[in-house]
Amino acid sequence: MKKREILTKNEVIEGFREHFKVAPGFLVRTPGRVNLMGDHTDYNGGFVLPMTIDKAVWMGVRQRGDGVVRIYSVDYEGECRFDVHGELKKDQNTWFEYIKGCAWALLQKNFPLSGFDAVLMGDVPQGSGLSSSAALEVTSLLVFAELGGFELSATDIARLGQEVENQWLGLGSKLESKFGVTDQLICAAGQADKALLIDCNDLEYRPLDLPEGTVAAVLDTAAHHSVASAVYNERQEQCQAACKILGVSSLRNATQEMLDAGKKNMPDAVFRRVRHILSENLRTRAAAAALREKTPDVFGKLMDESHFSLQYDFEVSCFELDTITSIARGHSACLGARMTGKGLGGSAVALLYTEADDFTDYVSKHYRQQTGRFPNITLCRATEGGRVEKLQGKI
Ligand code: ADP
Ligand code: MG
């Protein structure tokens, strides 16, 4: 098995020293995440079952005596600064706006902020659906909380991160602005070797042990279809249209009986969209039960079924996602595989009962042969959510 390189605490400390010529006072580490079950359920007030991964966004931090925030990004080789006591202005959306947006969201709620010097590094692949942006937001919020001497719960962090994305960065749709908070929640509240069942309706969450020894393989198809965002918008509209027809405020409140009764009043496509949401919520809860009951085979089978529902009922899969999940299922270590995230490109996830030596090569080879594309495969174990670690000496 190839050794997996993970960014270490010492590299972050060294990175800080190199840039600022002194030692950092504390570190903050927040992992990325992958969703094991429950897709397109979030903006319908349903259930999702993500886990943290072992790749993370880090900051090494030292408090300043003024309100200046000065951050050096190792990945972007650039430094940015702003003053939390001055007027915050939004510039173009770059890495830096995530951090400034966090300051803005906290200031709106009158949290006391102070300035700091920081070095920012990460090994969460960016833009691959592993939520590097949520990990960056959670990290930034934890830095401000540590320096300001206030506490934020994981749910507070999730809601603040959502405000940053929706209001400061202007990302996400109206539906998502109500429900799209689960990425920040899992990044903040995740636990080692556990997944989190999240109820998107009220953000209640429950940690559940992953089967011992299992590894999640994130299978980035290296495919992005330009129709993805149009299709995604259309799916949200179809879900809203279904709510009107069924007389519910959210598909969370719809039942199979309602759907059966309403079938004649809706186009077949809308019917199938709702069927996916209802069945995906059931599958996600069943997958959580499989974790509690320690039946990994059942969990894997539910993952496969979820993929087929996303493929045929919600129609957000694509040739590459179908191909890579089918190849993964053909490997003996694979318990189940499904697309994850919005679909039409992006990543799939497979659960392996052990870190099989040849899984990565096996999937890469067959996927290349069948699609001509080079996939990016990341094996992940769940690690602790966003945390501050104080270092020796004064901040
Ligand atoms: P995803 O969240 O799926 O990884 P996004 O496009 O939502 O993709 O977020 C990626 C953005 O988050 C990057 O373009 C960058 O602005 C910011 N980001 C993530 N990780 C880092 C990092 N290590 N250093 C600086 N910026 C980062
Ligand atoms: Mg993101």
Side-chain angles (χ1 to χ4, degrees), residues 32-44 48-51 53 55 93 124-135 165 169 171-173 175-176 180 182-183 186 216-239 269 272-273 276-277 280 303-331 334 336-351 359-360 362-380:
R33 72 92 185 88
V34 61
N35 195 28
L36 291 175
M37 276 298 284
D39 270 301
H40 291 274
T41 44
D42 55 348
Y43 57 84
N44 287 298
V48 294
L49 187 69
M51 64 175 254
I53 59 174
K55 300 193 180 295
N93 280 355
V124 184
Q126 296 175 27
S128 291
L130 295 177
S131 273
S132 67
S133 62
E165 295 222 0
L169 295 161
L171 305 172
S173 65
L175 258 189
E176 281 175 299
T182 55
D183 296 348
I186 172 71
V218 179
L219 316 168
D220 186 341
T221 59
H224 295 279
H225 296 291
S226 56
V227 290
S229 64
V231 169
Y232 183 49
N233 288 338
E234 190 196 57
R235 294 296 175 271
Q236 295 199 3
E237 282 161 18
Q238 289 172 321
C239 290
R272 284 183 291 117
R273 307 303 179 241
H276 166 72
I277 299 301
E280 188 78 345
M303 289 178 81
D304 294 344
E305 285 170 8
S306 167
H307 183 84
F308 299 127
S309 179
L310 287 156
Q311 180 180 356
Y312 296 114
D313 271 356
F314 217 68
E315 293 183 287
V316 286
S317 188
C318 59
F319 169 65
E320 292 85 356
L321 285 165
D322 296 340
T323 304
I324 208 159
T325 47
S326 154
I327 295 168
R329 280 182 214 116
H331 191 283
C334 182
R338 60 189 288 281
M339 57 155 275
T340 183
K342 293 173 183 171
L344 288 152
S347 293
V349 61
L351 194 66
F359 180 82
T360 301
Y362 173 88
V363 175
S364 300
K365 185 177 122 201
H366 289 281
Y367 183 71
R368 263 203 322 271
Q369 279 169 356
Q370 292 179 39
T371 66
R373 292 178 193 270
F374 290 81
N376 192 3
I377 300 180
T378 315
L379 299 183
C380 311

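One is the number of the first residue; the rest follow in order along the sequence.
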Is a donor on one side and an acceptor on the other found under 3.5 Å between the side chain of [X] and the backbone of [Y]?
| X | Y | result |
| --- | --- | --- |
| R273 | Q238 | no |
| D39 | G341 | yes |
| R33 | A135 | no |
| Y367 | T221 | yes |
| T340 | S347 | no |
| R329 | A337 | yes |
| N376 | D220 | no |

State, yes or no, whether a side-chain contact exists between [X] and [Y] at a heavy-atom distance under 4.5 Å.
| X | Y | value |
| --- | --- | --- |
| L321 | C318 | yes |
| Y362 | I377 | no |
| L130 | K55 | no |
| S128 | V218 | no |
| V231 | K342 | no |
| E315 | R235 | yes |

Starting at [atom1] of [X], measure out to [atom2] of [Y] and round the result to the nearest 0.5 Å.
| X | Y | atom1 | atom2 | value |
| --- | --- | --- | --- | --- |
| C380 | L351 | SG | CG | 11.0 Å |
| N93 | S133 | CG | OG | 11.0 Å |
| D183 | D42 | CG | CG | 7.5 Å |
| M339 | N35 | CE | CG | 9.5 Å |
| C334 | I327 | SG | CD1 | 11.5 Å |
| T323 | H366 | OG1 | NE2 | 13.0 Å |

For [X] and [Y], which heavy atoms make the closest approach, and how far apart are they?
| X | Y | value |
| --- | --- | --- |
| R373 | R368 | O-CG, 3.1 Å |
| E165 | A134 | OE2-N, 4.4 Å |
| S317 | L344 | O-CD2, 3.5 Å |
| H225 | G345 | CD2-N, 3.9 Å |
| D304 | G336 | OD1-CA, 3.2 Å |
| V349 | M303 | O-CE, 3.7 Å |

Identify, with sequence neighbours excluded, every residue that meets ring pair (Phe, Tyr, Trp, His ring centres under 6.0 Å) alongside H40.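 Here the qualifying residues are Y43, Y232, F314.
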State whether R338 and E305 are salt-bridged, where the test is any N-O pair (Lys NZ or Arg NE/NH1/NH2 against Asp/Glu carboxylate O) under 4.0 Å.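 Between E305 and R338 there is no salt bridge, as every charged N stays at least 4.0 Å from the carboxylate O atoms.
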Would you say CZ of F308 has more than 12 non-hydrogen atoms from neighbouring residues, nucleotides or ligands within 6.0 angstrom?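 Yes - once you tally the heavy atoms of other residues, nucleotides and ligands closer than 6.0 Å, there are more than 12.
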Carefully, step by step, assess H307 and D322 under the rule side chain to side chain contact (heavy atoms under 4.5 Å, CB included). CA-CA 8 Å; H307 183 84; D322 296 340; 2.8 Å; yes
